[in-house]
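Heads up: the structure comes next, in structure tokens.
Here the structure is a predicted model, which means the values were calculated and not measured.
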Amino acid sequence: MQESVMMPAKKEVLNTSDFVSVFDPQKISDSIYEEVNFVASIFDMDQQITRKEADITAKKVEDHILNLNGNLQNLSGPLIREMVCSELTGRNRDFYTRVGLSIADAFKIDNAVSDVTHDNANQTKNAETKHKQKADMVARGQALLTIPQHLSHSHIAGNIHIHDLEYFTTRTFCMDWDLRFFFYYGLDPDCTGKTNIATAAMQPTVALLHAAKILCSAQTKFAGSQGFYNFLTLFATYLEGISYTEIKQKMQMVVFEHSKQKESM
């Protein structure tokens, strides 16, 4: 939201773009008009709000801000948005709400006292996991607001369960891969040809590392677990003619490399 905003008191606004500007109610009107109608267009709906309605809503928010305690010199974009949402609710316009989490929820995740920190036992406790958990809360909020209302209500009521809700609108769930494709054609991690591309592995160590990278790359496209079809049978073709000690070492690498990939996901 472009909540930069000029009024007689010249109140300053901390924007969601992380800079400070002067309050200007026209920016509120522009944001309402553009955002509400943009979201409607995503769902192939007609225009949901007119310029006049946006101007009226912005004026009411401006009046409310003007009536605030004079000691309040700083405003934030999220605070202004909450005021706008309150006004739009009375006009049956629900496309302007923000998805996200409160500062308290964010600190609870940082300190591992939030319920979401126990959602997935496969995730290790580190800074990146905390970052992901915050992003997941945003994605879950977006999903519940954008999927058909009867589905979101049923999920919230416990009548149905949408597993991995944070990925429900953007990713497939689990995947079982057939390594023959990669062992024959090689590895293109993001399937665009723009990253480092490896040809078919000729040595067991290279084949093993390709397998680990396949799972890591695929995790950006899938929500659930990744697996391999007949892994040992297909990998065994690379082990012909080597000693038992070398085979044992390769199997240790399989366990270690895939465990490390799992921890990094």
Side-chain angles (χ1 to χ4, degrees), residues 42 109-110 112 114 116-143 146-147 161-265:
I42 296 296
I109 290 175
D110 287 339
S114 170
V116 301
T117 60
H118 308 293
D119 281 352
N120 191 333
N122 293 322
Q123 294 174 345
T124 57
K125 293 179 174 60
N126 55 48
E128 188 58 31
T129 295
K130 294 175 182 178
H131 188 84
K132 180 188 182 304
Q133 288 165 346
K134 294 174 186 176
D136 285 348
M137 290 189 71
V138 173
R140 283 193 290 268
Q142 179 186 2
T146 54
I147 64 178
H161 173 69
I162 302 175
H163 194 56
D164 280 352
L165 179 63
E166 60 270 23
Y167 295 127
F168 181 63
T169 60
T170 58
R171 299 187 188 184
T172 306
F173 186 53
C174 295
M175 186 64 182
D176 189 17
W177 298 100
D178 189 334
L179 277 172
R180 287 176 293 185
F181 178 90
F182 303 99
F183 286 168
Y184 186 84
Y185 290 105
L187 180 62
D188 181 359
D190 65 357
C191 300
T192 66
K194 297 179 180 179
T195 56
N196 292 330
I197 300 174
T199 57
M202 302 300 292
Q203 300 296 327
T205 300
V206 177
L208 187 156
L209 293 175
H210 280 188
K213 288 176 174 60
I214 289 164
L215 295 189
C216 190
S217 300
Q219 201 61 46
T220 63
K221 305 295 183 183
F222 293 85
S225 300
Q226 307 288 307
F228 289 124
Y229 171 79
N230 286 342
F231 176 82
L232 292 178
T233 300
L234 297 174
F235 186 61
T237 59
Y238 288 93
L239 303 178
E240 294 182 15
I242 66 176
S243 67
Y244 173 77
T245 300
E246 291 177 290
I247 292 176
K248 185 177 179 180
Q249 178 63 35
K250 295 297 183 292
M251 291 302 99
Q252 289 176 340
M253 288 183 64
V254 168
V255 175
F256 178 80
E257 289 296 331
H258 286 80
S259 296
K260 296 306 292 182
Q261 294 293 349
K262 178 180 177 182
E263 290 176 12
S264 67
M265 292 174 186

Extract all donor-acceptor atom pairs below 3.5 Å that involve side chains of residues 178-187 and protein atoms in other chains or at least two apart in sequence.
{"residue": "Asp178", "atom": "OD1", "partner": "Arg180", "partner atom": "N", "Å": "3.1"}
{"residue": "Asp178", "atom": "OD1", "partner": "Arg180", "partner atom": "NE", "Å": "3.1"}
{"residue": "Asp178", "atom": "OD2", "partner": "Arg180", "partner atom": "NE", "Å": "3.2"}
{"residue": "Asp178", "atom": "OD2", "partner": "Arg180", "partner atom": "NH2", "Å": "2.7"}

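For Lys130, there are no side-chain hydrogen bond (donor to acceptor under 3.5 Å, both in side chains) partners at least two apart in sequence or on another chain. Glu166 pairs by the side-chain hydrogen bond (donor to acceptor under 3.5 Å, both in side chains) definition with Arg140, not counting sequence neighbours. With sequence neighbours excluded, the residues that form a side-chain hydrogen bond (donor to acceptor under 3.5 Å, both in side chains) with Tyr167 are Lys132. Remark: Ser243 pairs with Thr245, Glu246 by the side-chain contact (heavy atoms from CB on, under 4.5 Å) rule, at least two apart or across chains. Contacts of Met253 classified as side-chain contact (heavy atoms from CB on, under 4.5 Å), with partners at least two apart in sequence or in another chain: Thr205, Leu208, Gln249, Lys250.
Scanning both residues, Glu257 and Ala212, for their nearest heavy atoms gives CB-CB, 4.1 Å. Of all heavy-atom pairs between Phe222 and Arg171, the closest is O-NH1, 3.2 Å. Thr169 approaches Ala143 most closely through the heavy-atom pair CG2-CB, 4.2 Å. Listed here is the closest heavy atom pair of Ala201 and Val206: CB-CG1, 3.7 Å. Of all non-hydrogen atoms in Gln226 and Trp177, the two that sit nearest each other are OE1-NE1, 2.7 Å. Of all the heavy atoms in Pro204 and Leu239, the pair that sits closest is CB-CD2, 4.1 Å.
Applying the side chain to side chain donor-acceptor pair (under 3.5 Å) rule to pairs touching residues 227-236 yields nothing, sequence neighbours excluded. Counting only residues at least two apart or on different chains, no ring-ring contact (aromatic ring centres under 6.0 Å, His included) pair has a member in residues 197-220.
Note that CD of Gln142 is 14.5 Å distant from CE of Met137, once rounded to the nearest 0.5 Å. In this structure, OG1 in Thr170 is found 10.5 Å from NZ in Lys221, a value given to the nearest 0.5 Å. Taking OG1 of Thr129 as the start and CD1 of Ile109 as the end, the distance is 11.0 Å to the nearest 0.5 Å.
The backbone N or O of Ser225 sits nowhere less than 3.5 Å from a side-chain atom of Gln219 that would complete a donor-acceptor pair.
The number of heavy-atom neighbours closer than 6.0 Å to CZ of Phe235, taken from other residues, nucleotides and ligands shown, is above 12. Within 6.0 Å of the CD atom in Gln252, the count of heavy atoms belonging to other residues, nucleotides or ligands exceeds 12.
Within the 4.5 Å cutoff, the side chain of Ile162 has heavy atoms near those of the Ile147 side chain. At a threshold of 4.5 Å between non-hydrogen side-chain atoms, the residues Leu234 and Phe228 do not count as touching.
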